[in-house]
Amino acid sequence: MSDDLRSGYAGGVFCAARPDTAPVQFANKESESPMRLSRFPLSTTKETPADAEIVSHQLMLRAGMIRKLAAGLYTWMPLGLRVLRRVEAIVREEMNRSGAVELLMPAVQPGELWEETGRWDKFGPLLLRFKDRHERNFCYGPTHEEVITDLVRREIRSYKQLPLNLYQIQTKFRDETRPRFGVMRAREFLMKDAYSFHLDHDSLAETYQAMYDTYSRIFERTGLHFRPVQADSGAIGGSVSHEFHVLADSGEDAIVFSDGSDYAANVELAPTLPPAQPRPAAGADMTAVPTPGVHTMDELTACLDVPLECCLKTLLVRGAETPVVALLLRGDHDLNELKAEKHPEVAAPLTMADEAAIRQAAGCGPGSVGPVGLDVPLVADHAATVMADFVCGANRDGEHLTGVNWGRDVGEPQAADLRDADAGDPSPDGKGTLALARGIEVGHIFQLGTTYSEAMDATVLDENGASKPVAMGCYGIGVSRIVAAAIEQNHDANGMIWPEAIAPFTVAVVGINMNKSEKVATAAERIYQALLDAGVDALLDDRDARPGVKFADMELIGIPHRIAIGERGLDQGTVEYRGRRDTDNQDVAVDDVVDHLLARLPQ
RNA sequence: CGGGGUGUAGCUCAGUCUGGUAGAGCACUGCCUUCGGGAGGCAGGGGUCGUAGGUUCAAAUCCUGCCACCCCGACCA
């Protein structure tokens, strides 16, 4: 392994010496290093493996970065590992700089700790459980709240030892129902998880902010486009929470952000505001129209030739007090399940009514349900309450109503925020308009409070000698996922395009026919060595392969810079430079090429 | 977990419907030619056709069970 990667493990010492955020490169002093491709096990393929769905998975397999062992389990090949280690090094450096302290906990955890917090039962099949030879319960850690809280309750006695922020970078296992997308959603994955401990909430808020800033710095350094967004704290618990998303069209999460402020949130969390304009007056009479075979909103708009936003969507769900509750949405809006579940009329967890319950309540099957004459609680999204002359189900199979109006044809419904925010909605903070983007969740920070410390009795004495449960925060980064996310965000038809900071190599030195031409071999070796001496992480493609093969490979594996050395150029005293995103070669004098390259590297 | 699909050479796939000697391309080995954008020729190596049963003179092919993997849904770094 190269010196620069090893240096990442030097941790705090390294950080103290380098207070800036620049990627650091060290000269490679070994003359016979594995950075010669003839001795590096690169195995690329032209064909895309059949079971790879998304670009990052396909390219990682084609480039030989990873190999699958079983569902959701991957070997990191030497090339892939170089990238993983670079991401890891950035995370470690910035965590250390923030004042967090690294430790390493066991991956295997005793079940009894999980029973203390009740998560042995709550976590479900995601938790990989097994027994040791004494028939005692264990699990492979999907996260480490229990272990760290157990550690802290044994080690920390006094408020004087707080605040404390401990982190590790470690392999986790979550027995996902559906592992997919390669390393993006693997069962086994590399995660940085940090846990902070505080006497009071103010201290927690301070560290939380420090972690927010640290995460922003980490993702800036990786060179990826990202966005912190307000998030739901989900199963881990707690109140305040932010997710960090790498922006990519293939992202699994939808996020919204304002063009007029720094407001940004996961769509599942973003509130929508009641419309400012009042409901238009009724202008049409209510009329029943036949709609045979219509079951979906799209079929309805096609059948009656009306816009989606003039249709009312009626969803029946199990009620808290009543068998069913009707949730009413404008046809073009999507139900937000988190919001619906929190509504007092609605039973939690949110459960859609089954066909029998729908028939019982509405007298018809799903697809023809509407609020008119429906004797169940009506809860309408704000946007639905200002509709007029709308189309909805008639509660008779194969029939819909047009020209329906609130107050006149149906009682006024309760108004609530039930839908996903959409592009064009006003920002919830009143400043600007929301835009929509897709994101890949690569980081998540939480203020946990005392949930775990109370359950596990992790207390310290405060300045008055009183015993208090410690307040906790937890902070995760999906290290291996970042690698995949980087590819999703940065690739073209020829392959990956690594940001400098996490590229497996900075520059590829390609000798053209260097096994036949003494001249080319000499020049290539000299340039390669000069780059190493200048501290550049160079890769020498000294394979006995045709130029086309070498170029295609270097592009596939996404090396940011390429220097091609051939007899043709050498006769003129030049070599060729090409950036990974460039479309043309640039002739550079042999003696200038190292400086030429250095000028193109980030400081 | 529910619904759908696929298992044949290291990879991508044909062959299965209609049972009868195991195939192609890429990759790999050797030789020759070629030599600045994934070269060409010749000669090779490599498969108990996922697995266990069943039907049959005969099974990659038909039937049954099991297993693995992939896709679509609800969860997560």
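Values below: all heavy atoms of this structure, side chains included; hydrogens, waters and symmetry mates excluded. So that the names make sense, note that chain A is the first sequence line, chain B the second, and so on, each numbered from 1.
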At under 4.0 Å, does any side-chain N or O of A:Arg546 touch on OP1 or OP2 of B:A39?
-> yes
Expressed in whole Å, how much space separates the [atom1] atoms belonging to [N] and [M]?
{"N": "B:G4", "M": "B:U61", "atom1": "C1'", "value": "23 Å"}
{"N": "B:U51", "M": "B:U34", "atom1": "C1'", "value": "47 Å"}
{"N": "B:C72", "M": "B:G10", "atom1": "C1'", "value": "30 Å"}

Report all interatomic pairs (protein N or O, nucleotide N or O of nucleotides 66-72 of chain B) with separations under 3.5 Å.
{"from": "B:C69", "atom 1": "OP1", "to": "A:Ala71", "atom 2": "N", "distance (Å)": "3.1"}
{"from": "B:C69", "atom 1": "O3'", "to": "A:Lys68", "atom 2": "NZ", "distance (Å)": "2.9"}
{"from": "B:C70", "atom 1": "OP1", "to": "A:Lys68", "atom 2": "NZ", "distance (Å)": "3.4"}
{"from": "B:C72", "atom 1": "OP2", "to": "A:Arg178", "atom 2": "NH1", "distance (Å)": "2.7"}
{"from": "B:C72", "atom 1": "OP2", "to": "A:Arg178", "atom 2": "NH2", "distance (Å)": "2.6"}

Just call it for [X]: base, sugar-phosphate, or nothing, with non-hydrogen atoms closer than 4.0 Å on any strand.
{"X": "A:Asp193", "result": "nothing"}
{"X": "A:Glu176", "result": "base"}
{"X": "A:Val442", "result": "sugar-phosphate"}
{"X": "A:Arg67", "result": "nothing"}
{"X": "A:Gly569", "result": "base"}
{"X": "A:Arg543", "result": "nothing"}

Short N-O contact, A:Lys339 and A:Asp381, less than 4.0 angstrom =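 No.
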Calculate, to the nearest 0.5 Å, the distance between atoms NZ and CZ belonging to A:Lys46 and A:Arg62 respectively.
->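 A:Lys46 atom NZ to A:Arg62 atom CZ measures 10.0 Å (nearest 0.5 Å).
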Gap between atoms CG and C1', on A:Leu127 and B:C76 respectively (whole Å) = 14 Å
Whole angstrom value for the distance that separates C1' of B:C76 from CD1 of A:Ile440 =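 Atom CD1 in A:Ile440 sits about 14 Å away from atom C1' in B:C76.
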Would you check if there is a donor-acceptor pair between the side chains of A:Asn165 and A:Thr207 at a distance under 3.5 Å?
->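 Per modelled atom types, A:Thr207 and A:Asn165 side chains form no pair under 3.5 Å.
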